[in-house]
Amino acid sequence: MTRTIKTQVCIIGAGPSGLLLSQLLANAGIDTVVLDRKDRAYIEGRIRAGVLEQGTVTALEEAGVAERLHREGIPHDGFELAFDGARHRIDLAGLTGKSVMVYGQTEVTKDLFDKRFAQGQQFFFNVEDVTPHALKSGAPQVSFTHEGEDITVSCDYVAGCDGYHGVSRQAIPKDVLKTFERVYPFGWLGIMVDQPPVNHELIYANHQRGFALASMRSETRSRYYIQCDLSDSVEEWSDDRFWEEFATRLGPDAAANLQTGASFEKSIAPLRSFVAEPMRYGNLFLAGDAAHIVPPTGAKGLNLAVADVRLLARGLIEHYAGNDAHLDAYSQTVLARVWKVERFSWQLSTLMHQFPENSPFEARMQKAEFEYLASSEAASRSIAENYVGLPLE
Ligand code: RFL
Ligand code: PHB
């Protein structure tokens, strides 16, 4: 026996994209069902992004989940780029009049879950065999198994918010879907440590031994990364080895204030640029990592997901009010912005990492680009306007 549930929008994935979409739609009186193949504790425990654009903060305000963010988030008016020890500050506030907010993705996710639960959102966790059907019809469905029971959600629209490894994108026929990809020949080893940040602003460093990033979660919690080989495993990176390498790459000047300690999280993530087109197929809409991935160098992954969701929520809300113009333009509007953000993330990644295939010529090009940035307000402003976030459309 299959149980059938009716809703307006079936949302696959309870990451930040799916949760924010369900909240924005709920605020407009639109009913959703949200499915995830993991559970709430697992989703909240995933340590990922840390920097929110102003547009992302606005979206969370509109959703009604920004109270703790404003209490605990740390506004940042700038960040630093370092190159073989030389440092250049990008003055975000001075160059753009805007700033960014340091607040972890784990906290954004917690705040969204709290509000959805308080409002009685219908969730299905630990689901298996999620399959979207009849996407080209006026009556799409999503079937899945939950605690041994077969369930079908019958809906108007399906929102594919299920990340890079999800099923939604796979539901688009191969002759319709175009994908574009660049896989980088290294990963990021990240650690979390309860020690004050080495610097009050983020430092992105390119050193001959590889990239390093000093970030943070609070005044007492630091998030640090180094470029590593894709074949490395976390077991090969003791805390002592990490600290020595990290301090070398930051340079003696920046590392002078480094406070080390035992890490409580350590993981390796690969770096990828990826875009899938189109982001709509029939009554299926893709949003967030389901449709695109950026390397983390510009801190854009989560922000890009939030921008998609704002535009998708607007399109759906207007549809139910009788106007389809924005929903019909969704894929085109979103992709125009996505490609610009892909470009920025790729450019900053290319500038700040050591590529095994680089010749001495490319190494000199990186150095020349850094020196140009350090001497040109126009070049610094270009980085700044991308970092604080491009306009929604
Ligand atoms: P998510 O967060 O991946 O959430 C997708 C959700 O869908 C569920 N799911 C399914 N549910 C049902 N059926 C299926 N078949 C399903 N398949 C998957 C998953 O369990 C999950 O809960 O995507 P979303 O919501 O679009 O959010 C995007 C952001 O999470 C992402 O862009 C950023 O976290 C990217 N990212 C980073 N961005 C930054 O700006 N700075 C960072 O430091 C940073 N670090 C990272 C990252 C992404 C990582 N991934 C995806 C491997 C580090 C990692 C490791
Ligand atoms: C982080 O704090 O996790 C972080 C910050 C900036 C980035 C990437 C990750 O560019």
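Side-chain atoms are counted along with the backbone in the values below, which use heavy atoms only and exclude waters and symmetry mates. Worth saying up front: this structure is predicted, and the values here are computed from it rather than measured. Just so you know, ligand 1 is whichever comes first in the structure, and atom 1 is the first atom listed for that ligand. The chain is numbered in sequence order, starting from 1.
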Aromatic ring pairing F124/H146, orientation class (parallel under 30°, perpendicular over 60°, tilted between) |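 Judged by the thresholds at 30° and 60°, the geometry between F124 and H146 is perpendicular.
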
Write out the residue and atom name of the closest protein heavy atom to [atom], then the distance separating them to 0.1 Å.
atom	answer
atom 33 (C) of ligand 1	Q105 OE1, 3.6 Å
atom 43 (O) of ligand 1	Y225 OH, 3.4 Å
atom 15 (N) of ligand 1	V167 CG1, 3.5 Å
atom 27 (O) of ligand 1	P16 CG, 3.5 Å

Transitive ILVMFWY cluster of I293, excluding itself - 4.5 Å side-chain cut-off |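 Cluster partners of I293: Y164, F274.
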
Evaluating non-hydrogen atoms only, which member of [options] is closest to [atom]?
atom	options	answer
atom 9 (N) of ligand 1	T56, D162, V51	D162
atom 37 (C) of ligand 1	P132, G15, A49	A49
atom 54 (C) of ligand 1	R37, K300, R40, R48	R48
atom 28 (C) of ligand 1	I268, D308, D289	D289

Pair F125 + Y42: ring centers closer than 6.0 Å | no

When the ring centroid of F83 is compared with that of H207, is the distance short of 6.0 Å?
-> no

Under 4.0 Å from ligand 2, counting heavy atoms only: the protein residues, by chain and number |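 Shell around ligand 2 (4.0 Å, heavy atoms): R48, G50, V51, W188, L202, Y204, L213, S215, R217, R223, Y225, P296, T297, G298, A299.
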
Among side-chain atoms of [X] and [Y], is any donor-acceptor pair under 3.5 angstrom?
X	Y	answer
H292	S273	no
N206	Q354	yes
H326	E318	yes
Q121	Q23	no
H319	D156	no
E61	H70	yes
T248	E245	no
R182	Y184	no

Test of proximity, [X] against ligand 1: N or O pairs below 3.5 Å:
X	result
G301	yes
S17	yes
A269	no
K38	no

Check each heavy atom of S267 against ligand 1 and say whether those closer than 4.0 Å belong to the side chain, the backbone, both or neither.
->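 No part of S267 comes within reach of ligand 1.
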
Heavy-atom distances under 4.0 Å are what count here, so tell me which part of D36 touches ligand 1: side chain, backbone, both or neither.
-> both

Could you check F113 against F123 for ring-ring contact (aromatic ring centres under 6.0 Å, His included), going step by step and ending with a plain yes or no?
-> CA-CA 10 Å; F113 264 127; F123 281 106; 5.6 Å; yes

Set of side-chain hydrogen bond (donor to acceptor under 3.5 Å, both in side chains) partners for D194, sequence neighbours left out = R221

Proximal atoms of ligand 1 relative to [X] (non-hydrogen, under 4.0 Å):
X	answer
G163	3 (O), 5 (C), 23 (O)
I12	12 (C), 13 (N)
A299	40 (O)
C161	5 (C), 6 (C), 7 (O)
G288	26 (O)
G166	17 (N)
V130	13 (N)
R46	4 (O), 19 (C), 20 (O), 21 (C), 22 (O)

Sub-4.0 Å heavy-atom approach of R223 to ligand 1 =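 Contact absent.
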
Which pairs, with at least one residue in residues 335-348 and sequence neighbours excluded, count as a side-chain hydrogen bond (donor to acceptor under 3.5 Å, both in side chains)?
->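 Found E277-W339.
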
What closest approach, in Å, do T109 and L19 show between heavy atoms, and which atom pair accounts for it?
->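 Residues T109 and L19, closest heavy atoms: CG2-CD1, 3.7 Å.
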
To the nearest 0.5 Å, how far apart are OG in S215 and OH in Y204?
->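 Answer rounded to 0.5 Å: 7.0 Å.
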
